[in-house]
K.L.:
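First the structure, which I've put down as structure tokens, then a few questions once you've had a look.
In the text below, chain A, chain B and the rest are named by the order of the sequence lines, each starting its count at 1.
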Amino acid sequence: MDETTLSDAAGAGADHVIGGDGRTARVVISPVEGRAVLNLRTVPQPGMGVFASVLGLELPTTAGRSTTTADGTVRALWTGPGDWLIACPDTARLSLESSLRTVLEGMSGALTDVGHGFVVFNLSGPAAVDVLAQGCGLDLDPSAFSEGMCAMTALARMQVVVHRLPQGDGYDVYVARSYAESLWHWVTVAAMEYGYRVRR
Amino acid sequence: MSGSGGASNPMRVADLGRIDRTRTLSFTFNGTRYSGFEGDTLASALLANGVRLVGRSFRYHRRRGIVTAGAEEPNALVQLGTGARTEPNLRAPQIPLYDGLVASSQNCWPSVDFDIGAINETLSRLLPAGFHHKTFMWPTSGWLTCERFIRRAAGLGHAPAEPDPDRYAHRHAHCDVLVCGAGPAGLAAALAASRAGARVILADEGSEVGGSLLGERAQVNRNDAIRWVQEVVTELKSAPGVRVLMRSQVAAIWDHGMATVVEQIGSGAPVPTHLPRQRLWKIRAREIVIATGAIERSIAFGDNDLPGVMLAASARTYLNRHGVQPGRRAVVFTNNDSAYHAALDLHRSGVEVAAIIDVRPEPSGSAFDAAIAAGIKVHAGHGVLRALGGTTVRAALVAPVDVSGRAASDARGTAFPVEGDVLLVSGGWNPAVHLWSQARGKLKFDEALATFVPDPANRPPAHVRCAGSAAGAMQLVDCVVQGLAAGRAAASDAGLRHSPTISAPMVERETTCPLLPVWQVDYPEACRYKRFLDLQNDVTVADVELAVRKGYRSVEHMMCHTALGAGTNQGRLPNISGLAILAGAIDTPIPQVGTTTFQPPYTPVTLGAIAGPETGLALDPTRRTAMDGWHAANGAVFVNTGLWRRAQFYRQGRERDLEAVNREVRAVRNGVGLVDISTLGRIDLQGRDCAGFLQRIYINDFATLAIGRCRHGVMLREDGMVFDDGTVTRLGERHYLMTTTTENASAVMSRLEYLLQVEWPDLDVYLTSVTEHWAAMALAGPCSRAVLEKVADIDVSDAALPYMAYRECRLAGVPARVFRISFSGERAYEINVPAGHGRATWEAMMAAGQPERLTAYGTDAMDVMRIEKGHFVVGPEANGRATPGDLGLHRMIRKEGDFIGRRSLSKPGLAAEDRPQMVGLVPVHAREPIPRGSMLVVEPRQVTPYPMEGFVASACFSPTIGCAIALALVERGRLRKGQRLWAMSPLMRMSVEVEVVDPVFFDPAGARLRG
Amino acid sequence: MLLIQCPFCGPRDQVEFSYGGDAGVPRPADPAALSDDKWNAWLNERDNPAGEHDELWQHSMGCRRWIGVRRNTLSHEVVSSWALQPAKTA
Amino acid sequence: MKYSIFSLARNAVSFHRDWPLAWRSPAPKSHYDVVIIGGGGHGLATAYYLAKEHGITNVAVLEKHRIGGGNTGCDTTIVRSNYYLTANARFYEHSLRLWEGLSQDLDFNVMFRPRGVLNLAHTHADLENQARRGNAMRLNGIDALALNRPEVASMVPDLDMSPTARHPILGGLLQPRGGTARHDAVVWGYARGADSRGVDIIHDCEVTGIRRDGNRVLGVETTQGFIGAGKVGIAAASHSSVVAGMAGLRLPIESHGLQAMVSEPVKPMLDAVVTSDAVFCCVSQSDKGELVIDGNVDGYNSYAQRGNLPVLERVVGAAVALFPSFSRLRLLRLRGGVMDMSMDGSPIIAKTALDNFYVNCGWCYGGFKATPGSGWCFAHTIAQDRPHELNAAFTLDRYTLGRAIDERGAGPTPWLH
Ligand SMILES: Cc1cc2nc3c(=O)[nH]c(=O)nc-3n(C[C@H](O)[C@H](O)[C@H](O)COP(=O)(O)OP(=O)(O)OC[C@H]3O[C@@H](n4cnc5c(N)ncnc54)[C@H](O)[C@@H]3O)c2cc1C
Ligand SMILES: NC(=O)c1ccc[n+]([C@@H]2O[C@H](COP(=O)([O-])OP(=O)(O)OC[C@H]3O[C@@H](n4cnc5c(N)ncnc54)[C@H](O)[C@@H]3O)[C@@H](O)[C@H]2O)c1
Ligand SMILES: Cc1cc2nc3c(=O)[nH]c(=O)nc-3n(C[C@H](O)[C@H](O)[C@H](O)COP(=O)(O)O)c2cc1C
Ligand SMILES: [Zn+2]
């Protein structure tokens, strides 16, 4: 058996239920397209407030927190002290990048486009958390990993960012592009017992 | 109650047991069909069918029957299932019965009834413990021959011959309190913790909660104890933070509250394909309560392994839980109260209890009184000398014994047989302390129980406590009270402040009579009969005594020497008896002799469950580049480099490997080629101090690197050996891009982060790995510029983009970075595009390059070309033992300033003149190959050991030069140019005469690079 | 499996970390000034106590910070962990 | 009493009541010519060869618990000499030759069986490295064979030979003379041999201090009192740093946990030792039928003698990937050892900065096979106060001088060796 490729699986698995009782999909896997990701790094220094006005959101400073703009399009994920992933629609990247660069000028910090380095997919449905818990050692209990939280961690021994979306939209999983097919394969195997569906 | 169970289940009692009599299951054992019921185990179903003989012992191949009702079973190990799903060594009491089950006995041939191996028994006096160390030494070959036979006799069941068709899952979970065992103590603990608001996981290996209550007839709140069990379970299951895992054994407790639990999925029959067969839970608990109960032990007497000799509590469990009578007429032998309960239950179910043989001179207490009241005969102060019978127990030979279990010297005269077809034994109870020990809890000796119990004063660092029989409480009332207390304390230690009041249920306390620690019945002729301690490994009292005589006096030596406790039940039954007998033999109190420590797992766990999904193809993730799909579709043969798969070469038609590689090399040298180099590590550096930082980590100079320029750099380890190499490009005033080798990408990143964070935190440098963001390819060959021109939107003339320069542009409409860097020695351009565009860009290039016959090439061709150019690579040449000097990089080293590894270069060994140096080799006779991996010597015909002058690091056929070439490391190599050596490969039976030449075989002036 | 408290991210499984060895050997400021013996002592000789040990770990699957951890090599108990510097960069 | 089938038969008649002690349990004397710290295989072998080869019999082996209870008691017992670097190759080959005659020499069957040690190659780079190693071995006079895919498949039928496996098997390097032995038998054999030549083996005697007078060691403080010594040798493996520390020495050693996994016994199915460096796994089947598996060190300093889950999962995953039919077999127990990892992965058998104080350590996961050679060389070094030619390279100052013997090329990062 070869590993299911992302494109195969996304095509073949679309809209019919695999595994489980064959009828109900307790997990829905959806590849996320068109998301740009910037890595912003700074150290605490005067003038940090400007970021909020440029981004339209307050950069989270507590471990594991994320913030979102009012319209929900731009997200800032805490991935380390002074280290954020800024996710936005691809179309918004250039302007965001250049305004952030302007802010960073003269500051200690760095901004790097890392978006093509990630493949993102969303896991939703009642058993989504059970899929993640098969390979992730974080305490994903809703009480411990509430909506809006994120973590850079290991899933099936691969480095990922897990972001629990607000409003019950499940989990966004960011994985390094070269690992994406292996992780996709792992996820589909893990989701077999609950029954899953792929949504394009 | 009557004992008639119908023709098919002759030993079944009509109205007892927790089996579902409406669901008959049919199964096969040793080829014979039997039936049982839902709720049976294989063991209970066999007993119900009157099957006594289930296996043969390991060493002597003696007949053996079922002894216990649990994980401690030493004898009834069976081979379950057939074909790819067969499993060896399963314990019959732990196999839930299912329809269509097929099982057979192990370790016997041709059959369990007639077993050739039983001849070992006749030889048994020659085969005492440790016999193999004393024999088979002369002649020297003797051992090897004998070993082959010993080996054939080894093992128990057989392994499947095919890959496992089933799947195994892993699962993480977190909780405040993990409760191991769902007997009365565990249930009480889980209840108390749950009421305190804790997140609780309760795991039990059984298929039903209740623990030993399921096999007893206890009362709680003046009602059947099972009622209370059900109330508790109902409450637990409805509590929000509680998870109850059944058929789930806590297999191990690791560091920091991590426990692994193996869950059996399904009822034992093969599971549907969407389900895993077993699931390994990895539970991180703040607090752990061990309530795993206690295990009954035996007493050694002559021929105590006859089928029909069984532990008393196990017989009781079979009766009460499975509705199976272990025999028609029972003889009970004990040193404590618990066997009285078994006798009473049997008596009530219609089994005739011939007598209770009690070594205690004056038994008393409520159980004793009840037995007398029931009219059961009790022989106090007596012991069983021997079990009598041929193939199964017929009677017990009984005689008076003293308080140490010794019969008088005239025992033969006073002994009398007590007839019975089953002999039930109880030697007391051992708390199941395995998990406590695994967690590094200490034990203490409890004189009253005559065994080791957890020492609460010596709790392990992982937050673990014991409750119930596992902690040494043998009365139900104490188990429940301890359980409640443990659950409450665990919740509180886990940080839950809420402390509920729970009233303990009403349980009556028994009056008891203390146990008399008797381990064996000794009598003058005892040595004539085997008195077994370890039934699985056939270790007898005499073996232990012999080990002691030979000086194996520490417990571990005795156990290693005799193999006591080394069976698949890990000495659950015999360890303490063995210890006691050892203690007796060396006249030392038991606690001073010590105990053995239990290592994980609790009982054997399948390798499949441990491996989980991360095995087979998923043992390691496979990293694929953005162009991987193109390679696969275009004949690529892949090769693993670290986790990556890379195209080694592309096969056209029926080309052989080397033909393909040669074609690719020629295409690059004469035209143009394209290679996927996405796997190289790429690190983005930003900040004020990048230049200074680069200066400290590379041996060469980076202070002078101008914006838009690239430079090759070499890094060392602190011990002076070459660590990695790559290029650095200055993208902007404070912005650099570094590449690393594929294999070292993460090691370099981690090392640089270390230096910046720990050693030089004052430097303003930010590192970001951008390996994944960029797809990278190199366009190489004399016609490369012609191809590039067609796709790039900038001027790529040599004036605008000279050798070692860098430009940004759009390529086929995609933003790209172009670096004029070469590894092949040809005019070449490294091109990076955002990975999402990698494949499209690659395809656009291939299309644009069609007129120039642009050829995709793989790692093999790249390797050939770099050898032709004399470039070292990390691995063959830079093998972790090579200094920059060895690799001919001495001129690259900066004159001034420190860098990582510089200090080590002046150590005498690294500065020595006789170090190996990188040189080129060509065969003296041009048509000969240079064998890969050959060693270099001066003179090919000598006697071993040969003095070796060096080794061939990389060798290939060079289509450019037209002969074999090689890079080699040779002692004082640079001084030996023109000399001849022999490249020897005894493995390939080849020795080839070679000449030492300059390592750069092709275009030494580098004219082609610049175009 | 060890549970290591990352001072930045909180408690995480050992598999998210990579080990960096003895924390007690900062790189000499001027290696050239050291004798061969002193350099060797820095390069090769390590604290290797049977007991509490100060060591370096990198939270490599998480925030990628190098951290200090005091851990007992006999019991594996993690006594404490700390950020190494008010690390400005990387 | 000489051990043989005849002595067995004679004793059988007397119900085995008359076997003599395998070794005595004497109380320590106040002074010995040589005190060896550590009663593992190495310490006992050293004492044995001191007596046998050098006539030094006034020797004590001090063991803090019981002999053979350290690494020697929990390892996977693989014996081989398939080394690339000449210093290692010659030393381990000497050791292997001693193994080949050890049962006769000791009059104790140590159950050494040359079943062959097969190192798998999964990549072209592996094949090339193996070729280099095999050729170097052959030129050093050591047996080695390169196997191709079909040869590997027929030698070990249960291997997954699929070309599309995650780590496909391309071939292997076989040392036919490599094999396994019984660890407790080695310990007991050396103990009995040393004891019969007058060596005192002292159990439950932990060395707690080393008494010095300037550059001389006078003796050792122990839990059984002070014991004077003309010379002191350390063979304390995992505790080398701790013991050397008592004499004020720092060693280039770190202690790291390594676990061995033992399965339930099954009928014979694997008649070779199979190892793979690419997936870090080593599998063999014991005479009892147990599969014995080990892999990489746990990766952090540890004296805990306990296994670790992530490494267990990884090593078992690798074993099942190599042998897919093993997945339904069951792990019976884990044994945790503590390895004395040196900075270059090669051992130290050497004099120290103190006059009469010697060390033997740095065995990484390869010290069992070295037991006879190590004892032999260490005895020579102690008796003659200079190393034998075979251990001349295994000095302490090789690190200072830049003459590390780094088989793996991993540099001074002990847990990578
Ligand atoms: C899981 C595992 C697998 C292995 N597999 C192999 C293999 O396949 N092949 C191979 O060749 N090698 C293998 N090894 C390595 C091998 O076991 C060891 O290198 C070798 O056995 C070490 O022997 P030793 O005598 O030096 O040490 P040990 O047997 O550890 O003996 C040292 C002794 O010193 C004692 N001691 C320590 N401190 C003191 C003190 N203060 N006072 C008194 N006594 C003290 C200890 O109690 C111990 O008994 C393996 C090791 C492990 C853990
Ligand atoms: N009459 C006697 O002398 C005597 C002796 C011992 C026990 N008992 C009785 O036995 C009962 C003891 O109660 P208890 O709650 O302490 O123990 P228990 O034996 O009732 O329950 C222990 C439970 O733990 C489970 N278990 C054991 N090891 C496990 C593991 N590793 N993983 C998962 N589950 C595991 C078992 O399946 C069982 O269900 C009391 O009723 C007591 O009176 C009586
Ligand atoms: C000095 C040098 C060393 C390199 N080492 C490696 C290496 O070890 N492995 C690798 O895959 N690529 C390596 N490269 C990668 C090259 O950047 C890339 O393969 C090359 O540019 C291909 O183009 P070429 O064959 O035309 O030179 C190296 C490049 C240079 C200049
Ligand atoms: Zn962190």
Side-chain angles (χ1 to χ4, degrees), chain B residues 172 174 252 254-260 282-286 439-440 460-462 685-690 693 696 717-720 746-747 749-769 897-911, chain C residues 1-5 8 11-15 17-44 55-61 63-68 71-79 82-90:
Chain B
H172 292 267
H174 297 254
W254 309 90
D255 289 315
H256 305 170
M258 170 69 78
T260 42
K282 301 186 237 180
I283 298 176
R284 183 76 79 177
R286 282 187 217 281
R440 297 293 160 103
L685 297 88
Q686 299 175 48
R688 261 191 334 269
D689 300 319
C690 290
F693 177 59
R696 298 186 194 189
R717 292 192 310 234
E718 286 286 17
D719 66 347
S746 74
M749 181 69 179
S750 165
R751 190 70 205 154
L752 299 186
E753 286 170 329
Y754 166 80
L755 290 170
L756 282 173
Q757 294 175 27
V758 184
E759 302 291 1
W760 306 321
D762 50 317
L763 293 187
D764 183 63
V765 178
Y766 294 85
L767 303 177
T768 314
S769 169
D898 187 35
F899 53 79
I900 298 294
R902 169 161 235 158
R903 174 64 187 82
S904 287
L905 293 178
S906 58
K907 291 200 271 191
L910 272 69
Chain C
M1 173 142 46
L2 306 184
L3 185 67
I4 297 173
Q5 181 80 26
F8 306 106
R12 297 292 183 97
D13 281 350
Q14 166 202 340
V15 296
F17 295 83
S18 35
Y19 185 59
D22 187 358
V25 280
R27 189 172 194 274
D30 184 7
L34 299 183
S35 66
D36 279 357
D37 274 338
K38 285 260 165 57
W39 175 250
N40 172 55
W42 174 75
L43 188 57
N44 291 305
E55 51 199 28
L56 297 168
W57 290 77
Q58 186 184 20
H59 190 190
S60 44
M61 292 263 206
C63 65
R64 296 205 60 87
R65 290 308 139 121
W66 283 88
I67 59 171
R71 195 179 53 91
N72 188 313
T73 60
L74 284 163
S75 66
H76 290 175
E77 203 168 0
V78 172
V79 181
W82 58 94
L84 283 172
Q85 308 274 348
K88 189 162 67 173
T89 54

K.L.:
Residue by residue, scan residues 29-36 of chain C and write down, ordered by number, those that have a heavy-atom distance under 4.5 Å to chain B; if none do, write 'none'.
P.N.:
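The list, in residue order, reads C/Pro31, C/Ala32, C/Leu34, C/Ser35, C/Asp36.
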
K.L.:
Heavy-atom cut-off 4.5 Å, strictly under: side chain, backbone, both or neither for C/Ser75 against chain B?
P.N.:
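Contact with chain B: backbone and side chain both.
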
K.L.:
Does any non-hydrogen side-chain atom of C/Val78 lie less than 4.5 Å from one of B/His256?
P.N.:
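They are in contact (side-chain heavy atoms under 4.5 Å apart), so the answer is yes.
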
K.L.:
First locate atom CD of B/Glu753, then atom OG of C/Ser60, and finally report the distance between them rounded to the nearest 0.5 Å.
P.N.:
9.0 Å

K.L.:
Quick check on B/Arg286: does its CZ atom have over 12 non-hydrogen neighbours (other residues, nucleotides or ligands) under 6.0 Å away?
P.N.:
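For B/Arg286, atom CZ is not crowded (no more than 12 foreign heavy atoms under 6.0 Å).
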
K.L.:
Salt bridge between B/Arg284 and C/Asp13, side-chain N to carboxylate O under 4.0 Å?
P.N.:
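Salt bridge flag = yes for C/Asp13 with B/Arg284.
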
K.L.:
So which part of C/Leu2 gets closer than 4.5 Å to some heavy atom of chain B, the side chain, the backbone, both or neither?
P.N.:
both

K.L.:
Against chain C, label B/Leu685 side chain, backbone, both or neither, depending on which of its atoms sit under 4.5 Å from a heavy atom there.
P.N.:
neither

K.L.:
Got a second to check how far B/Glu718's CD is from C/Trp42's CH2, nearest 0.5 Å?
P.N.:
4.0 Å

K.L.:
Hey, does C/Arg27 have a side-chain heavy atom less than 4.5 Å from the side chain of B/Asp898?
P.N.:
yes

K.L.:
Closer than 3.5 angstrom, by distance alone: can the side chain of B/Gln757 be matched with the main-chain N or O of C/Arg64 as a donor-acceptor pair?
P.N.:
yes

K.L.:
Which atoms of C/Gln58 are under 4.5 Å from chain B, going by heavy atoms: the side chain, the backbone, both sets, or neither?
P.N.:
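The side chain, not the backbone.
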
K.L.:
Which region of C/Trp66, side chain (C-beta onward) or backbone (N, CA, C, O), has a non-hydrogen atom less than 4.5 Å from a non-hydrogen atom of chain B, or is it both or neither?
P.N.:
both

K.L.:
Sort B/Phe693 into side chain, backbone, both or neither according to what part of it lies under 4.5 angstrom from a heavy atom of chain C.
P.N.:
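Looking at B/Phe693, nothing touches chain C.
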
K.L.:
So which heavy atom on B/Glu759 is nearest to which on C/Val25, and how close?
P.N.:
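Minimum heavy-atom separation between B/Glu759 and C/Val25: OE2-O, 4.4 Å.
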
K.L.:
Quick check on B/Ser904 against chain C: is it the side chain, the backbone, both or neither that has a heavy atom closer than 4.5 Å?
P.N.:
both

